[in-house]
Amino acid sequence: MKFTYNKSEKLKSEKLITKLFTEGKSVSAYPLRLVFLETTFQDAVSLKTGVSVPKRNFKKAVDRIRIKRLMREAYRLNKHLVSNNISTQYAFMILYVGKEKPTFIEVEAATKKMFDKFLVKTKNNNS
């Protein structure tokens, strides 16, 4: 498993993002929230992921960009926890819902917890 997050794994389709927020389910691990939707892609990737930080909570672009960078890195290093345990394709959107600036350690811990909750939720739905 390569620890990459390249262009083909990024969630860019506006239609899919809209569908994700209208029909998707979610799990939370403060300060992160994962909105996910089972879907199919033309690509051979199992996950397409986007990250988002609200402007309402962080007025300065510098802060938003830093948090996004931390979230992408935590995702990149831990996506194997999910991709090795799922059989279908999913679209993910990871949202930062906290109000204070996080450290990488906090973001990574929340990412792992969030992925565990996601796997439990999808296992329960498939059983």
Side-chain angles (χ1 to χ4, degrees):
M1 167 97 214
K2 289 185 179 174
F3 293 100
T4 59
Y5 182 51
N6 54 28
K7 194 173 185 177
S8 65
E9 297 175 50
K10 294 190 172 134
L11 182 62
K12 298 201 179 257
S13 165
E14 207 169 301
K15 285 181 184 176
L16 187 55
I17 292 170
T18 306
K19 190 175 179 184
L20 180 68
F21 283 110
T22 54
E23 300 174 21
K25 299 179 180 99
S26 73
V27 291
S28 292
Y30 189 82
L32 300 178
R33 182 168 161 245
L34 173 70
V35 181
F36 61 94
L37 181 68
E38 191 173 328
T39 186
T40 54
F41 311 117
Q42 277 76 33
D43 316 37
V45 293
S46 58
L47 299 169
K48 282 198 182 235
T49 308
V51 295
S52 178
V53 179
K55 199 173 191 176
R56 182 188 303 157
N57 297 346
F58 297 94
K59 302 293 184 219
K60 294 181 182 169
V62 191
D63 296 336
R64 290 193 304 275
I65 292 167
R66 169 132 179 94
I67 295 168
K68 282 185 196 177
R69 199 177 295 137
L70 293 175
M71 289 164 59
R72 280 193 296 263
E73 183 66 2
Y75 167 77
R76 184 184 73 81
L77 294 173
N78 295 297
K79 72 176 179 180
H80 67 277
L81 299 172
V82 173
S83 60
N84 292 345
N85 294 313
I86 58 171
S87 54
T88 55
Q89 295 176 321
Y90 282 93
F92 281 1
M93 181 62 81
I94 303 172
L95 307 165
Y96 187 81
V97 294
K99 301 252 186 280
E100 60 286 322
K101 293 186 226 174
T103 63
F104 178 70
I105 293 152
E106 292 167 352
V107 173
E108 190 174 33
T111 302
K112 287 178 182 175
K113 192 188 299 180
M114 182 178 67
F115 284 163
D116 288 342
K117 285 183 178 181
F118 164 75
L119 290 170
V120 167
K121 193 165 187 171
T122 55
K123 291 270 190 300
N124 291 344
N125 290 346
N126 293 341
S127 299

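All values reported here derive from a predicted model rather than from experimental measurement.
Closest of all the heavy-atom pairs between K59 and R56 is NZ-O, 3.2 Å.
Remark: I67 CD1 to L32 CG distance equals 10.0 Å, nearest 0.5 Å. Within the model, atoms OH of Y90 and OG1 of T122 stand 5.0 Å from one another, a figure rounded to the nearest 0.5 Å.
In terms of modelled atom types and a separation under 3.5 Å, the side chain of K121 and the main chain of S26 share a donor-acceptor contact. Side-chain atoms of K25 do not come within 3.5 Å of backbone N or O of F118 as any donor-acceptor pair. Here the side chain of R33 pairs no donor or acceptor atom with the backbone of S28 at under 3.5 angstrom.
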Identify each donor-acceptor pair in which a side-chain atom of residues 41-55 lies under 3.5 Å from a protein atom, sequence neighbours left out, and give them as a table.
residue: K48; atom: NZ; partner: S8; partner atom: O; Å: 3.2
residue: T49; atom: OG1; partner: Y75; partner atom: OH; Å: 3.0

Side-chain donor-acceptor contacts of residues 92-115 below 3.5 Å, not counting sequence neighbours, with atom names and distances?
residue: Y96; atom: OH; partner: E100; partner atom: O; Å: 2.6
residue: K101; atom: NZ; partner: D63; partner atom: OD1; Å: 3.4
residue: T103; atom: OG1; partner: E106; partner atom: N; Å: 3.3
residue: E106; atom: OE1; partner: T103; partner atom: N; Å: 3.1
residue: E108; atom: OE2; partner: N78; partner atom: ND2; Å: 3.4
residue: T111; atom: OG1; partner: V107; partner atom: O; Å: 2.7

Which donor-acceptor pairs under 3.5 Å do side chains of residues 10-17 form with protein atoms, sequence neighbours excluded?
residue: S13; atom: OG; partner: L16; partner atom: N; Å: 3.1

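Within a 6.0 Å sphere centred on CZ of R66, other residues, nucleotides and ligands contribute 12 heavy atoms or fewer.
With hydrophobic clusters built from ILVMFWY side chains whose heavy atoms lie under 4.5 angstrom apart, I86 does not share a cluster with L37.
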